[in-house]
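Notes follow the structure.
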Amino acid sequence: MRITAWWRGISPRRRLLMGGVAVVVVAVLVAAVLATTGTSAAPRAGTPDQDKPGPVLLVPGYGGGQGALNELAARIRQATGRSTEVLTLADDGTGDLVEQAGVLAEAVENAYARGAPSVDVIGYSAGGVVARLWVSRDGGDHQARRVITLGAPMHGTGLAAAGGALVPGGCPTACVQLAPGSTLLRELAKEPIPATLPWLSVWTERDETVTPPESARLDGAVNVALQQICPGNQAGHGDLPTDPAVTELVLQALGTSPLEAPAECLSS
């Protein structure tokens with residue numbers, strides 16, 4: 001009775017303020033419990049509904065540059081109205097690719113915690129290998145609705161091997177991991193992508209960074225060599241995120257229709 005009388009004696013404005021504080025305290029306590037119990041907002045089983053597209057997360061390549069991906073992200077927002085985020089990778093994108101996959105995993109977790117029905121991931125260059133690591137080892141097989149990789153050195157690139165040979169000790173961790181035959185890539189080769197996960201891998205035959213360009217070919221994915229559908233296209237490795245034809249491929253792949261290789265160029 002005393003508590004009731006005390007509460008009635010408080011002004012309505014003060015009651016509202018105290019109620020707001022209580023809500024914040026409860027939210028903090030719930031977050032703390034989730035953190036200590038390891039409960040995840042992101043699904044750990046099943047697969048996302050293909051008819052419920054959510055945010056799009058874009059993973060930069062080696063060096064972590066975001067400029068071209070920001071352009072692609074803006075185009076996706078404009079065309080689809082979906083939220084997009086270009087990730088900032090650890091160690092400027094030159095550190096351990098496994099740790100970079102952890103950055104992606106955290107971003108996905110945050111998206112689901114905010115109520116996303118699914119996530120789509122776009123990995124450019126080494127960012128495609130990061131996406132594959134996440135799918136294989138961090139629950140991405142249950143959390144990704146679709147994955148798109150652009151010029152991703154899934155089987156390594158001779159450029160990384162050459163860099164390590166020319167400057168002994170001067171090849172950062174990611175550089176070592178991207179050399180053909182590296183321990184990381186050999187292990188990944190034993191981990192096929194899930195048959196239930198739509199995956200589009202696009203590359204350009206004019207790639208001089210990922211060598212050979214066909215290193216981007218991935219078993220189980222829809223593989224598209226740009227010049228096979230757009231003869232004469234001059235896009236190099238650095239042009240992939242902003243090339244109009246590639247952008248149209250990406251926008252089509254982000255839809256809800258079954259993922260398949262186009263029969264013709266989607267842009268002039």
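What's counted below: heavy atoms across the whole structure, side chains too, no hydrogens, waters or symmetry copies. Numbers here simply count residues along the sequence, with the first being 1. Here the structure is a predicted model, which means the values were calculated and not measured.
- Between the side chain of S201 and the main chain of R217, no donor-acceptor pair closer than 3.5 Å is present.
- Here the CG atom belonging to D96 is positioned 12.0 Å from the CG atom belonging to L89, to the nearest 0.5 angstrom.
- Between Y112 and S118, some side-chain heavy-atom pair lies under the 4.5 Å cut-off.
- At a cut-off of 3.5 Å, with distance as the only test, a side-chain donor of H237 or S125 sits close to an acceptor on the other residue.
- Transitive grouping of hydrophobic side chains (ILVMFWY, heavy atoms separated by less than 4.5 Å) brings W199 and L57 into a common cluster.
- With hydrogens and angles ignored, the 3.5 Å screen pairs no side-chain donor or acceptor of D91 with any backbone N or O of T94.
- The backbone N or O of V222 lies less than 3.5 Å from no partner atom in the side chain of E260, so there is not a single donor-acceptor pair.
- Of the residues listed (T47, V108, L197), the one engaging Q143 in a side-chain contact (heavy atoms from CB on, under 4.5 Å) is V108, and it is the only one.
- The hydrophobic cluster containing L150 does not contain L87, counting ILVMFWY residues as joined when their side-chain heavy atoms lie under 4.5 angstrom apart, directly or transitively.
- The CG atom of L259 lies 8.5 Å from the CD atom of Q50; values are rounded to the nearest 0.5 Å.
- Side-chain atoms of T84 and R77 form a donor-acceptor pair, as typed in the model, at a separation below 3.5 Å.
- Residues P60 and Y124 have side chains not in contact (no heavy-atom distance under 4.5 Å, counting atoms from C-beta outward).
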**Study point:** CA sep, side-chain torsions, deciding dist, call: E71, T247, side-chain contact (heavy atoms from CB on, under 4.5 Å)
**Key:** CA-CA 10 Å; E71 291 187 39; T247 298; over 6 Å; no
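- Counting non-hydrogen atoms of neighbouring residues, nucleotides and ligands closer than 6.0 angstrom, the CG atom of D49 exceeds 12 such neighbours.
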Point to revise | side-chain contact (heavy atoms from CB on, under 4.5 Å) evaluation trace for V210 with L178 | key: CA-CA 10 Å; V210 173; L178 292 171; over 6 Å; no
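- Here the closest non-hydrogen pair linking T242 and A68 is CG2-O, 3.8 Å.
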Review point. Which is it for V119 and V56 under the side-chain contact (heavy atoms from CB on, under 4.5 Å) test, yes or no, and what are the steps along the way?
Key: CA-CA 6 Å; V119 294; V56 182; over 6 Å; no
**Study point:** Full working for salt bridge (Lys or Arg N to Asp or Glu O under 4.0 Å) between E191 and R186
**Key:** CA-CA 9 Å; E191 304 168 9; R186 288 201 309 270; over 6 Å; no
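- Contact record, A221 with I193: N-CD1, 3.7 Å, taken as the closest heavy-atom pair.
- Side-chain atoms of D138 never come within 3.5 Å of backbone atoms of G140 as a donor-acceptor pair (strictly under, hydrogens ignored).
- Scanning all heavy atoms of the two residues, the minimum distance from P194 to V135 falls at CD-CG1, 3.8 Å.
- Two residues are said to be in side-chain contact when any heavy atoms from C-beta on lie closer than 4.5 Å; Q100 and W134 fail this criterion.
- A donor-acceptor contact shorter than 3.5 Å links the side chain of Q177 to the backbone of L97.
- A donor-acceptor pair under 3.5 Å links the side-chain atoms of R82 to the main chain of L254, judged by distance alone.
- Looking only at distances, no side-chain donor or acceptor of T149 sits under 3.5 Å from a matching main-chain atom of G128.
- Looking at E187 and R137, their side chains come closer than 4.5 Å, going by heavy atoms from C-beta outward.
- Put simply, the side chain of Q234 gets close to the backbone of G232: a donor and an acceptor are under 3.5 Å apart.
- Interatomic distance, L266 CG to Q252 CD, rounded to the nearest 0.5 Å: 5.0 Å.
- In terms of heavy-atom proximity, I148 sits nearest to A253 at CD1-CB, 3.6 Å.
- In this structure, CG on D207 lies 9.5 Å from OG on S215, to the nearest 0.5 angstrom.
- Taking the side chain as every heavy atom from C-beta outward, T209 and T211 never approach each other to under 4.5 Å.
- A donor-acceptor pair under 3.5 Å is formed between the side chain of Q227 and the backbone N or O of E205.
- Contact check for Y62 versus P172: side-chain heavy atoms found under the 4.5 Å cut-off.
- In plain terms, the two heavy atoms of G238 and P241 that are nearest each other are O-CD, 3.7 Å.
- To the nearest 0.5 angstrom, L249 atom CG is 9.0 Å from D243 atom CG.
- Shortest non-hydrogen contact noted between I229 and P262 is CG2-O, 3.5 Å.
- V121 is not connected to L72 by any chain of hydrophobic side-chain contacts under 4.5 Å among Ile, Leu, Val, Met, Phe, Trp and Tyr, and they are in different clusters.
- Counting only distance, with no hydrogens or angles, the side chain of T80 and the backbone of I76 share a donor-acceptor pair below 3.5 Å.
- Taking a 6.0 Å sphere around CD of E214, one finds it holds more than 12 heavy atoms contributed by other residues, nucleotides or ligands.
- A distance of 7.0 Å separates CG of L226 from CG of L240, quoted to the nearest 0.5 Å.
- The closest side-chain heavy-atom distance from L188 to S136 is below 4.5 Å.
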**Study point:** Stepwise side-chain contact (heavy atoms from CB on, under 4.5 Å) test for L184 and V98
**Key:** CA-CA 9 Å; L184 180 71; V98 176; 4.2 Å; yes
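- The existence of a salt bridge linking D239 and R206 is excluded, since no basic side-chain nitrogen approaches an acidic carboxylate oxygen closer than 4.0 Å.
- Salt bridge status for E109 with R114: absent, with no side-chain N to carboxylate O gap under 4.0 Å.
- Residues V86 and V59 do not share a hydrophobic cluster, defined by chaining ILVMFWY side chains whose heavy atoms lie under 4.5 Å apart.
- In this structure the side chain of H155 never reaches within 4.5 angstrom of the side chain of L185, judged on heavy atoms.
- D120 and R145 are joined by a salt bridge, as a carboxylate oxygen and a charged side-chain nitrogen come within less than 4.0 angstrom of each other.
- Hydrophobic clustering of Ile, Leu, Val, Met, Phe, Trp and Tyr side chains at less than 4.5 Å, counting indirect connections, unites V224 with V246.
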